[in-house]
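Below is one structure, written out as structure tokens, with a few remarks after it.
Please read all numbers here as calculations on a predicted model, not as lab measurements. Just so you know, ligand 1 is whichever comes first in the structure, and atom 1 is the first atom listed for that ligand.
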Amino acid sequence: MSNPTHKGRITLSQFNFNANESHEQTTNRTDENNHTNILKFEDIGAVNYTLAALGWDESWDAAWRAWEESVPEAVHRRYGHAWVPARVALSHKRRYRVFGAGGEWLAEPSGQARASMLTPADWPAVGDWVAVVPRPADGRAVLAGVLPRRTRFARKVAGSRSDALVVAANADTALLVTSMTSDFEPRRLERYAALAYDSGAMPAVVLTKADTVADAAEESAFVAQAMQAVPGAEVFTVSAQNGIGMDRLLAYIAPGSTVVLVGSSGVGKSTLANALTGSTRMATQAVREDDNRGRHTTTHRELMALPNGSWLIDTPGMREVGLTTGTDEDSGLGITQTFQDVESFAEHCRYRDCCHEQEPGCAVNTAIETGELEPSRLQAYRKLQRELAYAERRENSQARRVMNEGAKKLSKHVKAAQRHKTKR
Ligand SMILES: Nc1nc2c(ncn2[C@@H]2O[C@H](COP(=O)(O)OP(=O)(O)OP(=O)(O)O)[C@@H](O)[C@H]2O)c(=O)[nH]1
Ligand SMILES: [Zn+2]
């Protein structure tokens, strides 16, 4: 596969940009993005990828055919002969910068597509594969549909609604980034791992700032704790400062695959993204191009090509991803996978509903007594379960409120209709 390369130059018009797509509080990072933006491309065809280079494979082919079959006849007649697959590289207020075979377009959903986007989670997200109908004349395209996602990172939309907004789609790997400093916090790593498993992406741990670690022994201690926090995950130690460990990390990221960075503020995600992409310019650093008119150029992309032919998703939204429960039956799956060790002991508890408190025959407590299991693991497990239970309760009460409101409205209607009837 040939290396994807960026060609040409993108000129950005000043546009009030809020990458979060909703009018809510933004992070510093998004604030910095507020005035750089995306919509005007002077150089159509500035990128030139093949579908395979974008991550397309046989199973996407199958998904594409299934999607085409699901599309109503009328839509087929209107667009069917002209639509092509493309991948969302940047999203902005329900407009999408997409990469397709040999070009990029600014895509907007058709009325038909819009009608099928019932909740925010149905809207396209960075990393999504979409069907677009390009209009070669002006670099724009109609977005006709979104292919079902393999994986998704979602976060709650701020406010009272419990809708989730997808901030990164179709990532194969989630790099859980944390630094080997006093910030290091195994419990947080566990939470991020649960999040990754829930998304469907495979977690790997990246321990940053290796240059600040005193010696090999200290580094091994960090690695050991990370391995314990995320059992079975690969652990990488890197320094973006001196480049140590970067080759090993890059080698782990398969060509054609998509990785996403997950981690708290300040752990070095942007620096890592820079080091991985080999670029010195990032989202936050728009370079002044034409002082007279105050224009800026930037290479800012949320879907970024890595030199080995893989893709990195770094969206501002990823920085606000929190624990979401979701309503699908596999919610809680993430916890199970993050706490494989705790749960494998729990299988041997005498009682199926054992809470691992004081119950007789509790295999988890036995494992703690024999030193096979760290007490902190059980504490973290309980804490995460409590948080999930809390989130579920909150969602349920929200659902009840919505239902109550609906019922009130309905009874108003019924009463009004009855009054109307009796009048007549
Ligand atoms: N010594 C050292 N410092 C680093 C390294 N990587 C990042 N830093 C520093 O850590 C600080 C935070 O790095 P960022 O890359 O901005 O962290 P971030 O995770 O993107 O933070 P947010 O943008 O707030 O989410 C900066 O001062 C970096 O210079 C490293 O490998 N070694
Ligand atoms: Zn037990």
Presence of salt bridge, Asp128 and Arg149, under 4.0 angstrom: yes

Should you measure from each heavy atom of Ser270, which atoms of ligand 1 turn up under 4.0 Å away? 15 (O), 18 (P), 20 (O), 23 (O)

Heavy-atom contact check, 4.0 Å cutoff: does Thr212 meet ligand 1? yes

Give a yes/no on ligand 1: does Ser264 have at least one heavy atom closer than 4.0 angstrom to it? yes

Looking at Arg350 and Glu359, is any side-chain nitrogen of the basic one under 4.0 Å from a carboxylate oxygen of the acidic one? no

For a quick check under 3.5 Å, do Thr258 and Arg87 share a side-chain donor-acceptor pair by atom type? yes

For ligand 1, is any non-hydrogen atom under 4.0 Å from Thr271's backbone (N, CA, C, O), its side chain (CB onward), both, or neither? both

Would you check if there is a donor-acceptor pair between the side chains of Tyr79 and Gln112 at a distance under 3.5 Å? no

Any side-chain donor paired with an acceptor under 3.5 Å for Thr173 and Tyr252? no

Is it true that the side chains of Glu372 and Thr370 contain a donor and an acceptor less than 3.5 Å apart? yes

Specify whether an N/O/S atom of Cys354 falls short of 2.8 Å from the Zn ion (ligand 2). yes

Sub-4.0 Å atoms of ligand 1 with respect to non-hydrogen atoms of Ser239: 31 (O)

Among the N, O or S atoms of His356, the one nearest the Zn ion (ligand 2): ND1

For ligand 1, which atoms sit closer than 4.0 Å to a heavy atom of Ala240? 31 (O)

Would Ser91 and Arg97 count as having a side-chain donor-acceptor pair, cut-off 3.5 Å? no

Test your reading of the model: is there a side-chain donor-acceptor pair from Asn308 to the backbone of Leu250, 3.5 Å cut-off? yes

Heteroatom distance test (Ala210, ligand 1): nitrogen or oxygen, under 3.5 angstrom: no

With the threshold set at under 4.0 angstrom, would you say Gly263 reaches ligand 1 through any of its heavy atoms? no

Taking the basic N atoms (NZ, or NE/NH1/NH2) and the acidic carboxylate oxygens, is any pair closer than 4.0 Å for Arg191 and Glu185? no

What does the angle at the Zn ion (ligand 2) come to, between atom SG of Cys362 and atom SG of Cys349, rounded to 10°? 110°

Is Gly266 close to ligand 1, meaning an N/O of one under 3.5 Å from an N/O of the other? yes

Considering distance alone, does some N or O of Thr208 sit under 3.5 Å from an N or O of ligand 1? no

